[in-house]
Number of protein chains: 2
Amino acid sequence: MAAEEFFLDNQLCFRLYTASRLLTQAYHPLLSAKGLTYPQYLVLLVLWEKDAQPVNDIAKRLMLETNTVTPLIKRMEAEGILNRRKGEKDARQMIVSLTPKGKRLQNELRDVPATVGSAVLCKEVTPESVPGLFVALDGIIGQLSKSKLANP
Amino acid sequence: MAAEEFFLDNQLCFRLYTASRLLTQAYHPLLSAKGLTYPQYLVLLVLWEKDAQPVNDIAKRLMLETNTVTPLIKRMEAEGILNRRKGEKDARQMIVSLTPKGKRLQNELRDVPATVGSAVLCKEVTPESVPGLFVALDGIIGQLSKSKLANP
DNA sequence: TATATTTGCATCGTGAACGATATAAACAAA
DNA sequence: TTTGTTTATATCGTTCACGATGCAAATATA
C-alpha cells in the first residue's frame, strides 16, 4: 500500500490543477473590478485578436466545448460586452462580436498581463525560464489533445 | 491595440488552465469507472496517505476552501467511500475516515498514476524533464500561495 | 467569570466545465 | 427529390470552485 505513485506530491496533475487555480485567483481582483471572470477574459482575448467569430471558433481556440462557451457568451451578452447574430452564409452559426464596451475593455485591462505576470516571478520562475515552461505545457496540451482527437 | 501581451499564445495562465483541464479529462474514464471525480480522487490520495483527518487538514493539503471540500466529502460519504464523525477533542471538527470501500479503491485504482503518466509523455515531456517542470510549478504555487497569505 | 475574538465547518448563490441529449440547418447519398 | 448524415449551437443535470455569510465551539481578553 501507500505506493509512492499515489503520493500527492508526485502528481503532475495536482500541480497543474493547483497552479491553474491560484493563478486564476490572481486575476480575480483585476477582472472582477470590471465585472469579468477569467473564462470571460479568455473570450475577450480571442475576440480582441479577431472580432466577429462563430461560437465554434471561439470554443476551438480555447479548447472548450460549445456547451461551456454558449452560456458564458450569453452572460457576456447580458452585460453588454458583446452581441450575437445569426450567420448570413450559414444560419446555424452564431457570430459573436464585440460591442464598443467590449472593445474599450482592452484598454481598461491593458495592465493586467504585466501585473499578473510579475506576480508569479520568483526564484524558480524567471523571464528566462518561462519559455521552457511554455514548451513543456504545450507538449502536454498537444499530447493530450491528440489522444482526444483519436477517441472522439 | 492588439498588444502582444494580450495574445492568447503568450499567456501562462491559459496554458496551465488548458493543461490542467485536459489532464483531468485523461483521468475521467479511469475514475468514472469507479464512480469518482478527479477532486474526489484527490481527497482519496490525501486519506490514503493518512486516514482520519479533519476537513480543514484535507482542504489545506489540497489548497482548497472548506466550502469546496465539505460538499465534496458529503457526496463521497453518500457513496459509502468515507464517513464523518465529530471530533472528540474539538467538537467543531469533522473527522473524515475511509470506509473499507474507500480503502479498497486504492488497490482498484493502482494502475491509474502510471496510465495517466504515460499518456502525457512526448518529445517535450520526458521522465527526465518532469522534475524541472515540478520545480517551476512548485515555484508558481509557492509564490501565489505566499501572496495569498499576505492578503487574507 | 463574563465578554470578545478566533476557528472549524456549513449553507447559499453564481459561474464555470462537461457528459448526454436535442434541434435545426447544411450537406451527401440514394 | 427524398432520405440520411454531419455540423453548429443550445438545453439539461451534476459537480466543482469560491465569495459571502452564518453558527457554534474553542480560545483569548477584560
Side-chain angles (χ1 to χ4, degrees), chain A residues 13-14 17-29 31-33 35-43 53-60 62-79 81 84-96 148 151-152, chain B residues 13-14 17-29 31-33 35-43 53-60 62-79 81 84-96 148 151-152:
Chain A
C13 188
F14 175 61
Y17 164 80
T18 303
S20 170
R21 281 192 311 103
L22 294 181
L23 194 45
T24 300
Q25 288 173 22
Y27 278 90
H28 187 263
L31 296 179
S32 67
L36 292 170
T37 64
Y38 181 71
Q40 291 174 6
Y41 175 68
L42 290 181
V43 170
Q53 296 192 52
V55 171
N56 208 24
D57 289 15
I58 298 171
K60 281 213 169 68
L62 299 178
M63 304 184 86
L64 291 166
E65 302 297 322
T66 60
N67 56 2
T68 298
V69 174
T70 292
L72 206 162
I73 282 177
K74 283 186 163 184
R75 283 187 285 270
M76 295 175 78
E77 185 183 34
E79 297 293 327
I81 295 168
R84 309 183 308 143
R85 64 170 196 278
K86 274 224 172 122
E88 293 135 32
K89 219 186 66 179
D90 188 333
R92 292 170 304 178
Q93 293 184 332
M94 285 296 271
I95 309 296
V96 182
K148 206 184 174 189
N151 314 352
Chain B
C13 188
F14 176 61
Y17 163 82
T18 302
S20 170
R21 281 193 310 104
L22 294 181
L23 194 45
T24 300
Q25 287 173 24
Y27 279 90
H28 186 263
L31 296 179
S32 68
L36 292 170
T37 64
Y38 181 70
Q40 291 174 5
Y41 175 69
L42 291 181
V43 170
Q53 297 192 51
V55 171
N56 207 24
D57 289 15
I58 297 171
K60 280 210 168 70
L62 299 178
M63 305 184 86
L64 291 166
E65 303 297 320
T66 61
N67 56 2
T68 298
V69 174
T70 292
L72 206 164
I73 283 178
K74 283 187 163 182
R75 283 187 286 269
M76 294 175 78
E77 186 183 33
E79 298 293 327
I81 296 167
R84 308 184 307 144
R85 65 169 195 279
K86 274 226 171 120
E88 292 134 35
K89 216 186 68 179
D90 188 335
R92 293 170 303 180
Q93 292 185 333
M94 285 296 272
I95 310 296
V96 182
K148 207 186 175 188
N151 312 352

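Here is how names work: the chains are called A, B, and so on, in the same order as the sequence lines, proteins then strands, and each is numbered from 1.
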Revision key, fill the gap. Residue set satisfying ring-ring contact (aromatic ring centres under 6.0 Å, His included) with B:Tyr41, at least two apart, ordered chain then number -> B:Tyr27
**Study point:** Beyond-backbone contact of B:Ile81 with B:Leu36, side-chain heavy atoms, under 4.5 angstrom
**Key:** yes
Review point. How close or far is atom P of C:dC18 from atom CG of B:Leu23, stated in whole angstroms?
Key: 12 Å
Review point. Mind checking whether B:Met94 and B:Lys86 have side chains closer than 4.5 Å, heavy atoms only?
Key: yes
Review point. Between D:dA17 atom C1' and A:Leu22 atom CG, what is the distance in whole Å?
Key: 12 Å
Revision key, fill the gap. Those residues at least two apart in sequence (or on a different chain) that pass side chain to side chain donor-acceptor pair (under 3.5 Å) with B:Asp57 are none
Study note, to complete from the structure: Heavy atoms of B:Thr18 and A:Leu62 approach each other most closely as OG1-O, 4.5 Å
Exercise for review: With sequence neighbours left out, write down each residue that passes side chain to side chain donor-acceptor pair (under 3.5 Å) with B:Glu77, or none if nothing qualifies.
Suggested key: B:Arg84
Point to revise | Interatomic distance where CG belongs to A:Leu64 and P belongs to C:dA17 [whole Å] | key: 7 Å
Practice item. Let me know the distance between CD of B:Glu88 and P of D:dA25, rounded to the nearest Å. Key: 16 Å
Write down the protein N/O and nucleotide N/O pairs, taken from nucleotides 14-16 of chain D, whose separation is under 3.5 Å; answer none if there are no such pairs.
from, atom 1, to, atom 2, distance (Å)
D:dC16, OP1, B:Thr37, OG1, 2.7
D:dC16, OP2, B:Gln40, NE2, 2.9
D:dC16, OP2, B:Arg75, NE, 2.7
D:dC16, OP2, B:Arg75, NH2, 3.1
D:dC16, O5', B:Arg75, NH2, 2.7

Exercise for review: Could you list the residues that satisfy side chain to side chain contact (heavy atoms under 4.5 Å, CB included) with B:Arg75, not counting sequence neighbours?
Suggested key: B:Gln40, B:Pro71, B:Leu72
**Study point:** Nearest-angstrom distance from the residue atom CE of B:Met63 to P of D:dC18
**Key:** 11 Å
Practice item. List the protein contact pattern of nucleotides 4-9 of chain C with one symbol per nucleotide (5' to 3'): B for base contact, S for sugar-phosphate-only contact, - for none; contact means a heavy-atom distance under 4.0 Å. Key: ---BSB
**Study point:** B:Arg21 vs B:Thr24 side-chain heavy atoms within contact, under 4.5 Å
**Key:** no
Point to revise | Earlier contact from the 5' end, DNA chain D, for A:Lys74 and B:Asn67 | key: A:Lys74
Check your understanding: Separation of A:Glu65 atom CD from D:dA8 atom P, in whole Å?
Key -> 13 Å
Check your understanding: Roughly how many Å is it from NZ in A:Lys89 to P in D:dT7, rounded to a whole number?
Key -> 15 Å
Review point. Just to confirm, is there a sub-4.0 Å distance from OP1 or OP2 of C:dA25 to any side-chain nitrogen or oxygen of A:Lys86?
Key: no
Check your understanding: side chain to side chain donor-acceptor pair (under 3.5 Å) with A:Asn56: which residues, sequence neighbours excluded?
Key -> none
